[in-house]
Amino acid sequence: MLVLKGTRVDADLRVEIRARRAAVPAVARDLERLGVGLLEQSRLFCLEGPACDLESHHMTPLFNSLVETLVFEHSGEYSFARDADEQNTSPSLDIFCRSGVTDEEGHTASLALQYAGLPDLACRAGRRFRFSDVVPPAIRPAVERALGNPLIHTFRWSDDPGVTPDQSADAGDYDPVATIALRGASDTALLEISRLHHLALDLSEMRAIDRHFTALERDPTDVELQSIALAWSEHCSHKTFRATIDFEYEGKREVIPGLLQSCIVAPSASLNRKWVRSAFVDNAGVIAFDRQWDLAAKVETHNHPSALEPYGGAHTGIGGVIRDVLAVSAEPIANTDVLCFGPSDLPDTLVPPGTFHPE
């Protein structure tokens, strides 16, 4: 029986769950193009909480002992392994969600640990990839892009112990309501506040917040700051659709004052179709179906999966579509599922940073 008495469970305690018969993931073919050999993929859990006595039965909700094996790792050393050869020293990469990004698997694992008698432990889920040889630093960003998304994931290489599983977890513990010293901060400090608190706001937006609270003669609380960030997020304010676009094609330059208004709303309005009951007002659009019925339709801009994922569980998914149909007093009767991809032969150099290759 495994007993780790009085062990402080923190970000250095990881539980690796490995298949007894390692299966090479399909993504190995993508890595072969980079000259990287992938041996196996395993599940990883990072336990966080106060000192406690861990026993083997506490972990049973997290793995199947018939087909999987369990390894505890603390501060880079194996505290416990089912088999001697479990202490695999192959080069590896650990991938976790950033703080503020929904980690449903970790949340479910935390609930399972509570039922197993560990009510004070939090659990974060990740993945570990083992390689046949050391991955050169020059191609590590490409490997990270193939296995995760830098916008929502953190990456920890086994030969870089100075990086914690969550590089964003250095914000420390907060009081229930914390005041953020923001007024009069330098541009560098403002951007650091945005990064540290996962606001995803640029310098001009952080300066505007600074001016607002300077006028109020006080600093914002963390709740106020997060509320502003939510209201100014891509999800809520549609920055991409509203932004002025400086467009250049075949030597010609054009300024587009907002993609939504210029390329979608204006052409639709110019058609002036009589059967359009309501368009681009709010919620779903409505058209005449026949003399008795109207038809409401909605397309959501934040469905997932997508190449560029928003922060903090902002995936609207089908819920937003149904909501906006209901909001115009219509009864939902059908959903469509549309997947859009770029060219499968797109050169790697043309793939935008933080996005997966269409293939």
Closest heavy-atom pair and its distance - [X], [Y]:
X	Y	result
Arg98	Thr154	CG-CG2, 3.6 Å
Asp103	Ala125	OD2-N, 3.0 Å
Arg277	Ala288	NH2-CB, 3.4 Å
Ser194	Ala200	OG-N, 3.6 Å
Leu147	Arg127	O-NH2, 3.0 Å
Leu346	His357	O-NE2, 2.6 Å

Euclidean distance, [Y] [atom2] relative to [X] [atom1], rounded to 0.5 Å:
X	Y	atom1	atom2	result
Leu62	Cys123	CG	SG	6.0 Å
Leu31	Phe131	CG	CZ	6.5 Å
His197	Ile180	NE2	CD1	4.0 Å
Asn335	Ile322	CG	CD1	5.0 Å
Ile95	His153	CD1	NE2	7.0 Å
Trp232	Ile209	CH2	CD1	4.5 Å

Compare all side-chain heavy atoms of [X] with those of [Y] and state whether any distance is below 4.5 angstrom.
X	Y	value
Leu118	Leu47	no
Trp157	Leu93	yes
Met206	Ile193	yes
Phe241	Leu259	yes
His212	Glu224	no
Leu113	Pro61	no
Asn283	Lys298	no
Asp348	Arg33	yes

Do [X] and [Y] sit in one hydrophobic cluster, given that two such residues count as connected whenever their side-chain heavy atoms are within less than 4.5 Å of each other, even indirectly?
X	Y	value
Ile264	Ile256	yes
Ile17	Leu121	yes
Ile139	Phe155	yes
Ile287	Trp293	yes
Val135	Val27	yes

* Name the orientation class of the two ring planes belonging to Tyr249 and Phe247 (parallel below 30°, tilted from 30 to 60°, perpendicular beyond 60°). =>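 Tyr249 vs Phe247 ring planes: parallel.
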How about [atom1] on [X], more than 12 heavy atoms from neighbouring residues, nucleotides or ligands closer than 6.0 Å, or not?
X	atom1	result
Glu331	CD	no
Leu350	CG	yes
Arg242	CZ	no
Phe280	CZ	yes

Please check: side-chain N/O of [X] versus main-chain N/O of [Y], any donor-acceptor pairing under 3.5 Å?
X	Y	value
Glu205	Asp202	yes
Gln226	Asp222	no
Asp133	Val36	no

* Asked: Between Leu203 and Arg207, is a side chain to side chain contact (heavy atoms under 4.5 Å, CB included) present by the stated rule, with each step listed?
  -> CA-CA 6 Å; Leu203 182 57; Arg207 286 173 173 171; 3.4 Å; yes
* **Sidechain N-carboxylate O distance under 4.0 Å for Arg29, Glu32** =>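 Answer for the salt bridge query: no.
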* Is any NZ, NE, NH1 or NH2 atom of the basic residue among Asp159 and Arg140 found under 4.0 Å from an Asp or Glu carboxylate oxygen of the other? ->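 Looking at Arg140 together with Asp159, the answer is yes, because their closest N to O distance falls below 4.0 Å.
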* Picking from Glu105, Arg128, Arg18, what satisfies side-chain contact (heavy atoms from CB on, under 4.5 Å) with Arg43? ->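 Running side-chain contact (heavy atoms from CB on, under 4.5 Å) over Glu105, Arg128, Arg18 with Arg43 returns exactly one hit, Glu105.
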